[in-house]
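In what follows, every chain begins at residue 1, and chains take the letters A, B, ... in the order their sequences are listed. Predicted model, so just to flag it, every value in this text is computed and none were measured.
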Protein chains: 2
Amino acid sequence: MPVVPTDALKPRKSPRQTRSTATVTAIHEATIQVLLSDGIARLTTTRVAQRAGVSVGTMYQYFPHKQALLYAVLDQYLDEVVVAIEEACARYKGARLCDMSDGLVRAYLDAKLRYLPGSLALYTVAADLDTASLISDVLQRTDRAIERLLASAPDAGFADIATVTFAVRALLVGTVRAGLENDASPAALVMLRTQVPLMCRAYLVAASRGGVA
Amino acid sequence: MPVVPTDALKPRKSPRQTRSTATVTAIHEATIQVLLSDGIARLTTTRVAQRAGVSVGTMYQYFPHKQALLYAVLDQYLDEVVVAIEEACARYKGARLCDMSDGLVRAYLDAKLRYLPGSLALYTVAADLDTASLISDVLQRTDRAIERLLASAPDAGFADIATVTFAVRALLVGTVRAGLENDASPAALVMLRTQVPLMCRAYLVAASRGGVA
DNA sequence: GTAAAAGCCGAAGGATGATTCATATATCAC
DNA sequence: GTGATATATGAATCATCCTTCGGCTTTTAC
């Protein structure tokens, strides 16, 4: 799978008739299913098409190549997660530090867990594809939202808010990923639901007390 | 790259002469270099062999297939990191909670950063290969070490030590990964060095005060 | 009803790249 | 020095799979 300039990753054409939007949806879903059952290394255009109940030719009507398909699926998913974060940040703007922390964590977990197990499969896509600019875009939006949120806390002040923002984002994204990806068992879910809010709150409180050198 | 039973991932034969150990080392290093410069999707046996200065045939003398090569490189790296963690846990056994937290974080960061940027490239290997059992092995060793460490703290007690262990491990592994993989800039390193110890300490102190419901 | 547009099909072409093996060279044991 | 063993070579083989394209079917517009 050769690397391709990002502009070439866009869909080939957009569906006009209801028939074709159903096709595109089916292809998206089939992609995730194949990812889950076979892994990215054995995700072939034929397999995805077969799972979606369409022919390869049809797939190539909407996606110029395999990478564009994977890119599209990842893009859509990431966007939904970012929107969830942005909404939560807007909702908790001006709240007390502990409340905003809990709200942010809960929103992120809700978004991530809603799409299980598909969200796990997508981690592998990002690794295979050249997704640097997509990811960095998403992270930028996330950081902007979190930073605005933190700045609005009435009961906290941060010496270096950019660093704290980066840290909170890494804590959230990283810990949840690490907690899920090697076994998304009920125990893991319980751990995430109970401990991540605790971590985030404890860190923010500590950082707010001048913990940033 | 088809999935292959784990037993088949073992090296084909071990080097006997010094000449061949040098070859194997060169192949390992070349693998990481190709991973870094071309990405896993364009990591071909030919490319690795060329970078290592040997022929493909030679590679196949030591590794039954491409996956075994990747597996070996990942395995070796993970082992070094785990050993670093185990040593740190042993060293801080019985220390005060804050000290053990700082020691653990520092040891992990040292190990991870020592191999930059290679350690970043290896994240993508784990995603492509079937490494479930390798990873779960490594995590089990890590968790065992951390749990023993936490249990030995004289100034802390945890209601559910298994959960706290899982949480600390996820925090550490996840946050560091998230902090590095999308840009391993100096700023990211500073963030990790200053904020991760803070997070870990704050969480452990909070969890020790009956934070585990 | 019918022509144009949109959507769909899947066999065939072509490129890539993993793996083998017959052969050649280097090292070791004596 | 010599046979035995270990190591190295890389062209040829073989399998996989991405992508195209000419022709077919369905939908839409009038």
Side-chain angles (χ1 to χ4, degrees), chain A residues 1-5 8-28 30-31 34-35 38-73 125 128-130, chain B residues 1-4 8-28 30-31 34-35 37-73 125 128-130:
Chain A
M1 196 158 40
V3 172
V4 156
L9 289 176
K10 297 295 147 66
R12 177 164 275 170
K13 77 176 179 187
S14 308
R16 300 282 164 82
Q17 306 178 352
T18 50
R19 177 169 55 141
S20 62
T21 62
T23 300
V24 171
T25 308
I27 293 173
H28 272 232
T31 303
V34 172
L35 227 35
D38 297 27
I40 185 133
R42 300 206 299 174
L43 185 147
T44 67
T45 50
T46 322
R47 245 189 274 264
V48 171
Q50 184 178 318
R51 192 73 145 254
V54 302
S55 78
V56 252
T58 297
M59 274 187 39
Y60 275 85
Q61 205 114 59
Y62 299 102
F63 305 96
H65 42 248
K66 193 175 123 176
Q67 296 171 290
L69 166 63
L70 292 169
Y71 192 93
V73 172
V125 172
D128 224 51
L129 224 48
D130 183 16
Chain B
M1 195 156 43
V3 172
V4 157
L9 289 176
K10 296 295 148 63
R12 176 164 277 169
K13 76 176 179 187
S14 306
R16 300 282 164 82
Q17 306 179 352
T18 52
R19 178 169 53 141
S20 61
T21 63
T23 300
V24 171
T25 308
I27 293 173
H28 271 232
T31 303
V34 172
L35 226 35
S37 63
D38 297 26
I40 185 133
R42 300 207 299 175
L43 180 297
T44 68
T45 50
T46 322
R47 245 190 274 265
V48 171
Q50 184 179 318
R51 192 72 146 256
V54 302
S55 76
V56 251
T58 297
M59 274 187 38
Y60 277 87
Q61 204 112 63
Y62 299 102
F63 304 98
H65 43 247
K66 194 175 123 175
Q67 295 171 290
L69 166 63
L70 292 168
Y71 191 93
V73 173
V125 172
D128 225 51
L129 224 51
D130 182 17

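Checking dT19(C), dT19(D), dC8(C) against every side-chain atom of K66(A), the shortest atom distance belongs to dT19(D). Comparing atom distances between the S20(B) side chain and each of dT19(D), dA18(C), dA8(D) picks out dA8(D) as nearest. Comparing dT19(C), dT19(D), dC8(C) by their nearest atom to the side chain of Y60(A) picks out dT19(D).
Taking atom OH of residue Y62(B) and atom P of nucleotide dA6(D), one finds them 11 Å apart after rounding to whole Å. One interatomic measurement links the two molecules: CD1 of I40(A) to P of dC18(D), which rounds to 11 Å at whole-angstrom precision. Summarising the geometry, the separation between CD on Q50(A) and P on dC17(D) is reported as 13 Å, rounded to the nearest angstrom. At whole-Å resolution of the value, NE2 in H65(A) and P in dT20(D) are 10 Å apart. Regarding L69(A), its CG atom lies at a distance of 14 Å from the C1' atom of dT19(D), rounded to whole Å. What separates CG of D128(B) from P of dG17(C) is a distance of 14 Å, to the nearest Å. Going from atom CG of L43(A) over to atom C1' of dC18(D) covers 12 Å, rounded to whole Å. With rounding to whole Å, F63(A) atom CZ is found 15 Å from dT20(D) atom P.
Residue T44(B) is classed as a sugar-phosphate contact, given heavy-atom separations below 4.0 Å to backbone atoms only.
Qualifying side-chain hydrogen bond (donor to acceptor under 3.5 Å, both in side chains) partners for T45(B), counting only residues two or more places apart in sequence or in other chains: none. For R47(B), the salt bridge (Lys or Arg N to Asp or Glu O under 4.0 Å) partners are D38(B), not counting sequence neighbours. Among residues two or more places apart in sequence or in another chain, the side-chain hydrogen bond (donor to acceptor under 3.5 Å, both in side chains) test is passed with T46(A) by none. Every residue two or more places apart in sequence or in another chain was checked for a side-chain hydrogen bond (donor to acceptor under 3.5 Å, both in side chains) with T25(B), and none qualifies. A52(B) is linked by a side-chain contact (heavy atoms from CB on, under 4.5 Å) to A26(B), I27(B), A30(B), V54(B), counting only residues two or more places apart in sequence or in another chain.
Inter-residue side-chain proximity for L70(A) and D128(A) is flagged as unmet; no heavy-atom pair is nearer than 4.5 Å. In this structure the side chain of R51(B) reaches within 4.5 angstrom of the side chain of S37(B), judged on heavy atoms.
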List, with names and distances, any nitrogen or oxygen atoms from the protein found under 3.5 Å away from nitrogen or oxygen atoms belonging to nucleotides 10-12 of chain D.
| residue | atom | partner | partner atom | Å |
| --- | --- | --- | --- | --- |
| dG10(D) | N7 | G57(B) | N | 3.4 |

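Nucleotides of DNA chain C nearest to R47(B) and R19(B) differ in position, and the one nearer the 5' end is that of R47(B).
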